[in-house]
Engineer: 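Okay, handing you the structure first.
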Amino acid sequence: MDQKLKDIVIEHSDDIVKMWLEDVNRKKSSDYTAAISDELFDSTNREFVNVIFSSIEKSGLANDITEFSERLINLGWPLSYLTDGMQVFRRVTSEYILRQSEKVDSDYFAEVLREVDNWVDPVINKLVNEYSGSWENIVSLQRVALQELSAPLIPVMENITIMPLIGTIDTERAKLIMENLLDGVIKHNAEVVLIDITGVPVVDTMVAHHIIQAAEAVRLIGSRCILVGIRPEIAQTIVNLGIDLSKFPTKSSLRKGFQSALELTNRTIEEVQSKDEDIEKLIDSLNRE
């Protein structure tokens, strides 16, 4: 029975594909695929249905499923496109097989549904597993990339480094900040570290606690922290929460913090007269003569 029904489906694949495409296209204007171009949508649908038939012929062992799933992820298509398409194929195929029989009793009806399920379910499972696996891999790579960018330590001058923080600081990110800070201080032989929170939208008790911990850890290995980028609203929040930041210097801007860092490393900023000013002075002296 299994082979007989499979032969019917393979033999009339063109008719089934036509029915499947018509059904899927009808839904395009009302779901997540509405913004996709007609050309891309049609080519993807045809590739999808070819993958389905290839899997049925090979009893779910086709390698095309993996490649197709990865391609959909790269295109940004949702998993629901796969599951919805397979459900449409299940219904269309069952209806087509039943229409080919002159007499349909309950046993035959149940047998057809069972056989179609046996074809469709393994394909759905493999598609979902491949899609999920590929997606998790991409997300994992993105997470690593974001972590590398979320707490950078930038050496700007000998013995002075800056850590600009942007976005929300949660517990996981706070641990990364601590690790990068301590490793960077040792690696760059930093005497002063400027922690810039200009890009941190909210500084609450937890965020302040993590920053204080990081500063204390840096102090224990022989360096100093300066907290910069404290906006007026952040300062008011810190005072209202009763957070004690007296253990290390704070500055309102990175420029002021950098000036303090220079002083702590026995350096100062000196203004140098421009060449234009030198020329003017020379001309004035010549005129006086």
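As the structure is a computational prediction, the values presented were derived from the model and not from experiment.
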Engineer: Is the shortest heavy-atom distance from the side chain of Asn25 to the side chain of Asp42 under 4.5 Å?
Structural biologist: yes

Engineer: How about Thr93 and Met19: do any of their side-chain heavy atoms sit closer than 4.5 Å?
Structural biologist: no

Engineer: Do you know which of Leu181, Leu227, Ile160 makes side-chain contact (heavy atoms from CB on, under 4.5 Å) with Val193?
Structural biologist: Leu181

Engineer: Do Tyr81 and Asn45 have side chains that approach each other closer than 4.5 Å (heavy atoms only, starting at C-beta)?
Structural biologist: yes

Engineer: Evaluate the criterion side-chain hydrogen bond (donor to acceptor under 3.5 Å, both in side chains) for residue pair Arg267 and Thr265; output intermediate values, then yes/no.
Structural biologist: CA-CA 6 Å; Arg267 283 173 283 194; Thr265 55; 3.1 Å; yes

Engineer: Give me the atom names and distance for the closest heavy-atom approach of Pro164 to Pro152.
Structural biologist: CD-O, 3.6 Å

Engineer: Using a cut-off of 6.0 Å, state whether more than 12 heavy atoms not belonging to Glu39 lie near its atom CD.
Structural biologist: no

Engineer: Indicate yes or no: at least one non-hydrogen side-chain atom of Gln236 is less than 4.5 angstrom from one of Val239.
Structural biologist: no

Engineer: After noting the C-alpha distance and the side-chain angles of Leu264 and Glu191, does the key distance pass the side chain to side chain contact (heavy atoms under 4.5 Å, CB included) rule?
Structural biologist: CA-CA 8 Å; Leu264 290 172; Glu191 294 181 15; over 6 Å; no

Engineer: Which pairs count as side-chain hydrogen bond (donor to acceptor under 3.5 Å, both in side chains) when at least one residue sits in residues 155-167, sequence neighbours excluded?
Structural biologist: none

Engineer: Just checking Arg90: does its CZ atom have more than 12 heavy atoms from other residues, nucleotides or ligands closer to it than 6.0 angstrom?
Structural biologist: yes

Engineer: Quick check: does any side chain N or O of Ser13 sit under 3.5 Å from a backbone N or O of Ile10, one acting as donor and the other as acceptor?
Structural biologist: yes

Engineer: Is there a side-chain contact between Leu262 and Met157 (heavy atoms, below 4.5 Å)?
Structural biologist: yes

Engineer: Give, for atom CD1 of Ile211 and atom CD1 of Ile197, the distance between the pair rounded to the nearest 0.5 Å.
Structural biologist: 5.0 Å

Engineer: Once you measure the plane-to-plane angle for Tyr96 and His12, does it fall in the parallel (<30°), tilted (30-60°) or perpendicular (>60°) bin?
Structural biologist: tilted

Engineer: Below 6.0 angstrom between ring centroids: does that apply to Phe48 and Trp20?
Structural biologist: yes

Engineer: Can you find a heavy atom in the side chain of Phe68 that is under 4.5 Å from one in the side chain of Asn50?
Structural biologist: no

Engineer: Any side-chain heavy-atom pair from Ile16 and Val49 closer than 4.5 angstrom?
Structural biologist: no

Engineer: Set out, in order, the CA-CA distance, both residues' side-chain angles and the distance that settles side chain to side chain contact (heavy atoms under 4.5 Å, CB included) for Val228 and Phe258, then state yes or no.
Structural biologist: CA-CA 9 Å; Val228 302; Phe258 188 68; over 6 Å; no

Engineer: Tell me the closest heavy-atom pair linking Ser260 and Ile226, and the distance in Å.
Structural biologist: CB-CD1, 3.9 Å

Engineer: When rounded to the nearest 0.5 angstrom, what is the spacing between CG in Asp204 and NE2 in His210?
Structural biologist: 8.5 Å

Engineer: Measure the spacing between CG of Leu182 and CD1 of Ile177 and express it to the nearest 0.5 Å.
Structural biologist: 11.5 Å

Engineer: Which distance, rounded to the nearest 0.5 Å, do you find between the CG of Asp183 and the CE of Met178?
Structural biologist: 11.5 Å

Engineer: Under the side chain to side chain contact (heavy atoms under 4.5 Å, CB included) criterion, do Val218 and Ile195 qualify, and how do the steps go?
Structural biologist: CA-CA 11 Å; Val218 169; Ile195 301 179; over 6 Å; no

Engineer: What verdict does the side chain to side chain contact (heavy atoms under 4.5 Å, CB included) test give for Met86 and Thr83, after you've listed the backbone C-alpha separation in whole Å, the side-chain angles of each residue and the deciding distance to 0.1 Å?
Structural biologist: CA-CA 5 Å; Met86 290 304 303; Thr83 55; 5.8 Å; no

Engineer: Just so I know, are the side chains of Leu72 and Thr44 near enough to count as touching, which here means a heavy-atom distance under 4.5 Å?
Structural biologist: yes

Engineer: Could you tell me whether the side chain of Arg231 and the main chain of Thr198 form a donor-acceptor pair under 3.5 Å?
Structural biologist: yes

Engineer: Starting at CG of Leu82, measure out to CD of Gln87 and round the result to the nearest 0.5 Å.
Structural biologist: 11.5 Å

Engineer: Calculate, to the nearest 0.5 Å, the distance between atoms CD1 and CD belonging to Ile97 and Glu111 respectively.
Structural biologist: 10.5 Å

